Protein chains: 2
Amino acid sequence: MEQPFALIGPTHVTAATSDEGAAVPVTIRDVARASGVHISTVSRTFSAPHLVNPETRVRVLACAEDLGYRPNRAARALITGRTHNIGLIIADIANPFFPPLIKAAESQARHRDYHVFVADTNEDPTAEEELVHALAKQVDGVLLCSPRMSNSLIEQLSREVPLVVVNRQVTGLPCVLMDVGQGARAAIEHLIGLGHTRIALLGGPRSSWTNREMRRAASTAARAGGAELTLLGPNAPTGTGGSAAAEQVRRSGVSAVLAYNDLMAIGLIEGLDALGVRVPQEVSVVGVDDIALSRLTRPKLTTVATPTAAAGRTAVDMLLQQDTESPRGARGSGAGAALGVRRTTAQVMLQTDLVIRDSTGPGPHARPARPLAAPRSPDPHCPAGPGIPTAATGDAVAS
Amino acid sequence: MEQPFALIGPTHVTAATSDEGAAVPVTIRDVARASGVHISTVSRTFSAPHLVNPETRVRVLACAEDLGYRPNRAARALITGRTHNIGLIIADIANPFFPPLIKAAESQARHRDYHVFVADTNEDPTAEEELVHALAKQVDGVLLCSPRMSNSLIEQLSREVPLVVVNRQVTGLPCVLMDVGQGARAAIEHLIGLGHTRIALLGGPRSSWTNREMRRAASTAARAGGAELTLLGPNAPTGTGGSAAAEQVRRSGVSAVLAYNDLMAIGLIEGLDALGVRVPQEVSVVGVDDIALSRLTRPKLTTVATPTAAAGRTAVDMLLQQDTESPRGARGSGAGAALGVRRTTAQVMLQTDLVIRDSTGPGPHARPARPLAAPRSPDPHCPAGPGIPTAATGDAVAS
DNA sequence: GGTGATCCTGCAAAGGTTTGCAGTGAAGTA
DNA sequence: TACTTCACTGCAAACCTTTGCAGGATCACC
């Protein structure tokens, strides 16, 4: 990767050397000495307070506080088998879809006293696998967010470390899904309602579960509404991917486009603009995700909002719940844990929500008076009013 | 935090229980048994290969590969004192300024075989402190990104765990700074060159180093160019913060605004638009950061590009270099390390770069013919042309 | 006073790895 | 042959915690 910025040699403003009081690692032993008890008592003060005399407890706690003692989680992990860490494997941190998810997951995890490793795979399935291996021993579980590797590999890896999968359905594993199928359907119906009869689906990465779901739902909805659906792609799920597809979209002769995600949608609008095609006057565009920027662009983007933060929270909850059920590799590692830990797996589908803004408008066959589908609902995310989200119907999908 | 999405009860599509081959933690001992050597030999095979007979080595490696052995980093950390983890403490992951930094830092760290904890503080200084403490024992060092806590507290914490600070200058500590002062100057000069004489600086968080630097540099540049600078703020560094300030900006009667960051700039443009004020025709707006979206909005944002990715990489490098110099808390923890580890600290200033796009235009006092300052340079980030960044001059600032 | 129960605390092993030290055998040197 | 050197390997302690077990003290009760 080349350096994108003029960087006239990092300027060393200062390069000093300084003494410093070297980190004094204070252990359970120091606390024990200070408070005149055995280390096991100190240990119990933290991990099983009810087993120690209240007086002793306060004394120990005081000493600990005093010395600034913090239990060494690595040492603890070594014996308990639980690290109190989780891993978050992300296809692309720079994709604005993920940060809210990461933020929510991290927050939820920390609430439960877990720390979070974050790793970026650059959309590379090989990196995903390698990362699961690398993290396995260091975490109690891993969140796989929009993985690009095969289902069978995921299943296999789940034998090494508990996994929760986001944005992908893997039978036998806990999954958090967003109902993009329903969202795509709502979007297509919205477009048909506006009078569009030739619609394109601007596809994303081939190995994406979301991509497949969208295609399926959009096809069905288009057929049901008597519209013609053109499939374009696969494309990179980025702004560049979207703008690169502009020419293709224009040539296809459609009057409306449902893009794989907001980034592509915004890029597409940009690209169309460069070609002199106006949105929404000549072409309507719908995105997916409702990233923060989609309400800052002009025109503001009509999009299928996905509950990213909720997904992050839910996934962490599922991971941690499953984690509390079956402690892994604990004391009697040789014997008891040998075979057949029974684990319950749930799959959760979260609702999506079509948010109608300014990037969609009447199509060439619009009937002047009453729009057919989804009445234009106010943007629920704008401070203007409380706003009632377009009620998403349909609550479950077939497995 | 309330649930922002209609979520008609997470639908459990599946809730099955399944047997599974419990994770079999394979240790150095298993490898030793399999390959008929002592565990210490296996250990050396991984941590000091040159000390073991090539034949033995291949045999051990084969067995390890076979059994799927991975060294347990926690156990290793316990004895070596190095975890091979680093911590990344971020003010707000959802702020699009940070993801590229995180991505770059993580990538750089992983290249060097380090894993990365990411934690979000929600712009809360207390959370920052608590996180440093919590992570201290689990990492070899921490990157503090745009910290909101006091310098003295940072210095104090740095005695607990090696710290590298991004976007803040702390004497005696390694820092990675972006020359926003220079950027602000360039922005102001650009605006003055366009004929603006009444300019506002839309400030960000009070405790932000960047904020102070910008104010200082902008003031100086405005004075030098004979323009009047109005200081507005502090504001939340978000889109909402920006749009909320629109009214204030209009009342202030300025014809140009330099915002604390792109998010605020975009929000401001949005807010001004709502008030019927057109950008750049009536008011010019400049942002800072050059987040990915600033070239997708309309008008495309003129902004001071900050080398976020480079900052992430550099910071990790500095942390890891310092880390290799002084192993902490190793074997003889009682004796040798007792006092006065000498550590060299460098502070690096990275260049920023004014990118002129469409949100700035001629001011009320524009001289028709030749613009005074910075000739309009093509956007270096658009695929259109190779583009030469506005050469940023000035290579160092006073400490 | 004896018995048992209850509460608290100490002992020591265990978890997976690294590493200083010592031991082995072979090769090199005198 | 005797001695040194060298390359390799094994032994065991150490890192910091947790936790089953057992011992000691206190108390209630018969």
Side-chain angles (χ1 to χ4, degrees), chain A residues 23-33 35-60 64 67 69-84 136-138 327-337, chain B residues 23-33 35-60 64 67-84 136-138 140 327-337:
Chain A
V24 242
V26 32
T27 78
I28 210 175
R29 214 169 300 271
D30 300 316
V31 180
R33 192 158 27 231
S35 50
V37 298
H38 193 261
I39 57 162
S40 51
T41 302
V42 179
S43 171
R44 274 188 278 257
T45 306
F46 288 97
S47 51
H50 61 282
L51 288 182
V52 23
N53 186 316
E55 292 177 29
T56 323
R57 200 193 307 159
V58 303
R59 187 154 40 95
V60 170
L67 298 171
Y69 168 74
R70 300 259 170 172
N72 182 325
R73 296 176 95 140
R76 178 181 286 182
L78 202 52
I79 189 160
T80 62
R82 6 211 53 228
T83 62
H84 263 245
K137 284 259 184 54
Q138 243 175 330
R328 12 184 255 119
R331 202 74 181 268
S333 54
Chain B
V24 242
V26 32
T27 78
I28 210 177
R29 216 169 300 269
D30 300 316
V31 180
R33 192 161 25 231
S35 50
V37 298
H38 193 261
I39 58 163
S40 52
T41 302
V42 179
S43 171
R44 275 188 277 256
T45 306
F46 289 95
S47 52
H50 60 281
L51 288 182
V52 22
N53 186 316
E55 292 175 29
T56 324
R57 199 192 308 159
V58 302
R59 188 154 39 96
V60 170
L67 298 171
Y69 168 75
R70 300 258 170 172
N72 182 325
R73 297 175 93 136
R76 179 180 287 182
L78 203 52
I79 188 159
T80 61
R82 6 212 55 228
T83 62
H84 262 243
K137 285 258 183 56
Q138 242 175 330
D140 295 338
R328 15 183 252 117
R331 203 73 180 269
S333 53

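Worth saying up front: this structure is predicted, and the values here are computed from it rather than measured. Note that these values count all heavy atoms, side chains included, but never hydrogens, waters or copies made by symmetry.
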Under 4.0 Å, counting only non-hydrogen atoms across every strand here, what does [X] touch: a base, just sugar-phosphate, or nothing?
X: A/Y69; result: sugar-phosphate
X: A/R70; result: sugar-phosphate
X: A/V37; result: sugar-phosphate
X: A/R73; result: nothing
X: B/S43; result: base

The single option from A/I28, A/T56, A/T27 that satisfies side chain to side chain contact (heavy atoms under 4.5 Å, CB included) with A/V42 is A/I28
Should B/T56 be listed as having a side-chain N or O under 4.0 Å from OP1 or OP2 of D/dT9?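 For B/T56, the contact criterion (side-chain N or O under 4.0 Å from OP1 or OP2 of D/dT9) is met.
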Quick one, B/L78 and A/N72 - any side-chain contact, counting heavy atoms below 4.5 Å? yes
Could you state the [atom1]-[atom2] distance from [X] to [N], rounded to the nearest angstrom?
X: B/R57; N: D/dT9; atom1: CZ; atom2: C1'; value: 14 Å
X: B/H38; N: D/dT9; atom1: NE2; atom2: P; value: 13 Å
X: B/R29; N: D/dG10; atom1: CZ; atom2: P; value: 14 Å
X: B/R33; N: C/dT17; atom1: CZ; atom2: P; value: 12 Å

B/V60 and B/V52: CA distance, side-chain angles, deciding distance, side chain to side chain contact (heavy atoms under 4.5 Å, CB included) verdict: CA-CA 10 Å; B/V60 170; B/V52 22; 5.9 Å; no
Assign each of A/S40 and A/H50 to its nearest nucleotide of DNA chain C by heavy atoms, then name whichever residue's nucleotide is nearer the 5' end. A/H50
Nearest-nucleotide wise, let me know which of B/A75 and B/V52 is further upstream toward the 5' end of DNA chain D. B/V52
